[in-house]
Amino acid sequence: MSERLILWGIVIAYMIFIFTKGVLKVRKVGTSDDFLVAGRNVGWFMLFATMGATVIGGGYSIGNIGHTYEFGILWLLVSTGGYFHFIFSGLVVAPQFREAELYTVAGYFGHRYGERPRFLVLILSLLFSVFIVAAQMAAFGTVLSAILPEFADSQNVLRWAIIIGGAMVVIYSTAGGLLAVIHTDLFQFMVLLGGFAITLLFCIPSISDSYNSETGKFVPNRFGTADFVDPAGLSETILNSPDSVSRYIREGINGTEKLSLDILREPESDSSELRKELVDIFNYFLIEKEFYSKARFAHVNLSPQTLEFMSADLKDRELRKFNLSLIQDAYPDEITRNRQISANFFKIEGGMGWMFLITTFLAFFLGETFAPGYATRYCIGKDIRNTRIGIAGVGFFLAITFPVVLFFIALYARVHYPDIDPQQALPMVVQTLNNPVIGGLMIGALLMAVMSSADSALNSSTAIFVKDLFEHQLGWTDKGDGKILRLARICTALLGVTAILIAVLWSDIIGLLLFTYHVWAPAIILPVSVGAIYKKRSSTMTRNIFITMLAATVITLLYRFMMVLDDKFDFAIFSERTYEFMNQFDPAVFGVGVSIISFTLLTAFSALSKTRSKLQ
């Protein structure tokens with residue numbers, strides 16, 4: 001049985017197992033609270049696991065490893081912002097959601113500020129509740145294309161992936177609600193943690209072994225297109241040189257159907273096809289045990305690195321490095337000696353500047369803070385203590401472990417695969433494990449983790465429709481007859497199907513998702529934070545919060561509109577330098593800054609007005 005067949009067998013079996021576990025939770029759902037908030041009976045470890053699985057889906061794994069592959073330590077630091085907001089939420093905000101037995105963010109605004117702010121948040125929630133689910137459905141196809149790039153250009157395959165993955169989410173979410181989501185997340189989290197731990201244990205020894213302390217460079221175990229200084233000259237040498245090494249390579253190529261000399265004869269001197277063919281040719285010879293002979297390399301000046309390998313007991317990885325070093329020695333003018341990782345890769349600000357570091361960190365910190373999918377989980381713990389430990393605990397754990405894990409995986413990929421699409425960094429490392437069982441579990445867990453994010457979004461969207469729209473605004477009540485539970489299941493099914501259709505038909509759904517987050521953060525973050533920290537209630541406070549929300553939303557939309565005019569239509573209102581400065585600020589960061597300034601000014605004005613009225 002081929003390794004490919006084993007890998008796919010593991011992926012399919014794992015996905016069926018998760019799907020079955022979710023559907024079977026239908027037997028545990030007896031009320032709408034069971035469906036929407038898991039009966040508010042979730043212990044801290046289950047809460048820890050479900051938050052973790054939701055967070056480290058495709059974006060925080062494949063996406064962040066890809067960006068770390070590009071930017072190095074810079075991205076290790078900025079990505080921690082995405083975990084810090086869980087620490088703040090777990091310690092300060094989530095306990096208040098749980099104490100008030102809420103369901104949604106809009107419910108919190110009603111509980112803390114009254115009807116006008118609640119209605120505004122309801123509009124914002126309804127505005128993108130379907131689109132956030134659709135974006136998560138679309139991410140299933142995106143992650144599949146990243147993990148399996150051979151399908152990246154096959155739109156039909158990606159559409160069917162979205163339909164099948166989305167249907168699985170809709171079915172088990174409709175059956176078991178949040179109970180199904182939480183129990184499937186437990187398995188996702190454990191498998192992902194185990195998979196990343198095994199991958200890390202594989203990567204660190206390889207990175208350590210590859211580093212040459214004398215030269216400050218890494219000795220890779222394979223060639224990449226970036227290694228060839230003169231592809232045309234190297235091709236000419238391989239084709240025509242009488243030296244014994246080139247003659248042996250020519251004979252080896254002619255003796256296998258896997259390789260061909262045809263592309264080397266092409267007139268283009270530096271085409272990508274030529275470089276890829278040279279990569280395939282030289283990597284083919286790296287595993288040959290008989291590649292070196294004294295007579296064959298008699299004319300080659302062997303480097304100290306090669307002589308050191310020659311004196312060692314060569315096995316597997318060491319054999320590849322030895323043969324690679326021999327080839328570098330044989331063609332010193334055409335192939336670079338080892339890999340020099342850019343110094344910017346190891347700089348704190350990554351060569352991008354401190355402003356980029358700060359604003360990107362803030363974008364991570366603020367971008368998804370109090371997002372509906374997370375806020376729903378603030379409401380499901382057994383009690384305040386379990387809620388605090390579960391949510392703040394996963395923030396602490398992931399902040400001190402996950403960025404470091406991703407950094408070493410990205411560094412391994414940078415050393416051995418310097419010329420790949422950054423989004424392929426994690427899939428390439430997983431494939432290098434050469435273990436179809438581990439690889440299958442990792443691919444299955446990554447795909448299902450994306451589904452975990454989708455089912456979380458679907459559940460929170462259902463809660464918004466049921467609790468904020470039907471119950472609060474339209475006056476429906478839960479009389480214990482199962483009517484609200486049936487409504488919740490119908491909403492889940494309809495929202496899920498609608499989201500699948502949007503994800504299949506609308507290719508730019510991710511862009512719309514970013515837009516909705518840019519609007520969400522400015523309107524939501526400051527009011528929730530103020531409400532959690534400042535206990536006093538007043539009509540003045542409510543008025544100031546409402547005005548702040550409106551001002552932050554409108555100004556952020558104008559900010560984005562001006563950037564779009566310049567970017568899409570080349571219509572500039574301000575100077576080029578101003579737009580360069582604006583591009584360093586994520587709209588969510590800008591909007592939150594506007595909300596802080598607005599609220600501060602309004603509060604100061606209210607205090608001044610109050611003082612004046614007393615004096616009069």
Side-chain angles (χ1 to χ4, degrees), residues 78 80-94 96-97 105-106 108-109 111-114 116-118 120-121 123-125 354-372 374-375 378 395 514-563 574 578 581-611:
V78 301
T80 58
Y83 310 115
F84 283 172
H85 78 77
F86 292 112
I87 299 173
F88 174 74
S89 298
L91 295 177
V92 180
V93 178
Q96 297 192 27
F97 272 66
V105 178
Y108 176 81
F109 274 76
H111 167 73
R112 184 64 181 81
Y113 297 114
R116 286 197 303 172
R118 175 174 187 158
L120 180 57
V121 175
I123 296 299
L124 291 175
S125 300
W354 291 98
M355 180 65 74
F356 180 86
L357 168 65
I358 294 169
T359 56
T360 308
F361 174 86
L362 290 174
F364 267 87
F365 181 73
L366 301 173
E368 292 189 335
T369 301
F370 313 137
Y374 300 143
Y378 300 168
L514 291 175
F515 167 75
T516 56
Y517 271 130
H518 291 160
V519 176
W520 178 265
I524 302 300
I525 290 176
L526 181 133
V528 173
S529 300
V530 169
I533 297 170
Y534 188 70
K535 305 299 182 182
K536 187 177 179 181
R537 299 169 184 262
S538 70
S539 59
T540 302
M541 170 77 76
T542 298
R543 184 196 64 212
N544 290 344
I545 285 292
F546 184 68
I547 295 172
T548 296
M549 293 169 67
L550 285 175
T553 301
V554 171
I555 294 174
T556 302
L557 287 174
L558 288 173
Y559 180 82
R560 273 188 56 94
F561 180 68
M562 289 185 292
M563 294 180 71
F574 305 111
T578 301
F581 183 77
M582 289 172 66
N583 285 325
Q584 295 187 63
F585 279 92
D586 182 89
V589 178
F590 172 82
V592 173
V594 169
S595 68
I596 292 171
I597 294 171
S598 300
F599 183 72
T600 302
L601 292 175
L602 287 168
T603 302
F605 179 78
S606 298
L608 183 61
S609 299
K610 187 176 180 179
T611 301

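Counting begins at 1 with the first residue of the sequence. Predicted model only: the values in this text are computed from it and were never measured.
- Side-chain atoms of T359 and D586, non-hydrogen and from C-beta on, never get closer than 4.5 Å to each other.
- Within the 4.5 Å cutoff, side-chain heavy atoms of V519 are placed close to those of L557.
- Among all heavy-atom pairs drawn from V589 and L366, the shortest one is CA-CD1, 4.1 Å.
- Scored by the ring pair (Phe, Tyr, Trp, His ring centres under 6.0 Å) test, Y374 finds H85, F86 as partners (sequence neighbours excluded).
- Atom CZ of F605 is separated from atom CG of L601 by 11.0 Å, given to the nearest 0.5 angstrom.
- Below 30°, between 30° and 60°, or above 60°: for F370 and F88 the angle between ring planes is between 30° and 60°, a tilted geometry.
- The shortest heavy-atom contact between G591 and T556 is CA-OG1, 3.1 Å.
- Counting only heavy atoms from C-beta outward, the side chains of Y108 and Q96 approach each other to under 4.5 Å.
- Between the OG1 atom in T553 and the NE2 atom in H518 there is a gap of 13.5 Å [rounded to 0.5 Å].
- Counting only heavy atoms from C-beta outward, the side chains of Y113 and F546 never approach each other to under 4.5 Å.
- The two residues A532 and V92 have their closest heavy-atom pair at CB-CG1, 3.7 Å.
- Separating the CD1 atom in I547 from the OG1 atom in T542 is a distance of 11.0 Å, to the nearest 0.5 Å.
- Between F109 and V528 there is a side-chain heavy-atom pair separated by less than 4.5 Å.
- Heavy-atom minimum distance, V105 versus A375: CG2-CB, 3.4 Å.
- The distance from atom CD1 of I524 to atom OG of S125, rounded to the nearest 0.5 Å, is 6.5 Å.
- Looking only at side-chain heavy atoms (C-beta outward), L602 and F599 stay at 4.5 Å or farther from each other.
- Considering only residues two or more places apart in sequence or on other chains, S595 meets the side chain to side chain donor-acceptor pair (under 3.5 Å) condition with none of them.
- In this structure, P587 and P522 approach most closely via the heavy-atom pair O-CG, 4.5 Å.
- Across all their heavy atoms, W520 and T369 have their closest contact at NE1-O, 3.8 Å.
- Side-chain contact between L526 and I596: present, with at least one pair of heavy atoms (C-beta onward) separated by less than 4.5 Å.
- Listed for the R537 side chain is a donor-acceptor partner under 3.5 Å among the backbone atoms of R112.
- In this structure, CZ on R118 lies 12.5 Å from CD1 on I123, to the nearest 0.5 angstrom.
- Here the side chains of V594 and F590 are in contact, with some heavy-atom distance below 4.5 Å.
- Taking CD1 of I545 as the reference point, atom OH of Y534 lies at 11.0 Å (rounded to 0.5 Å).
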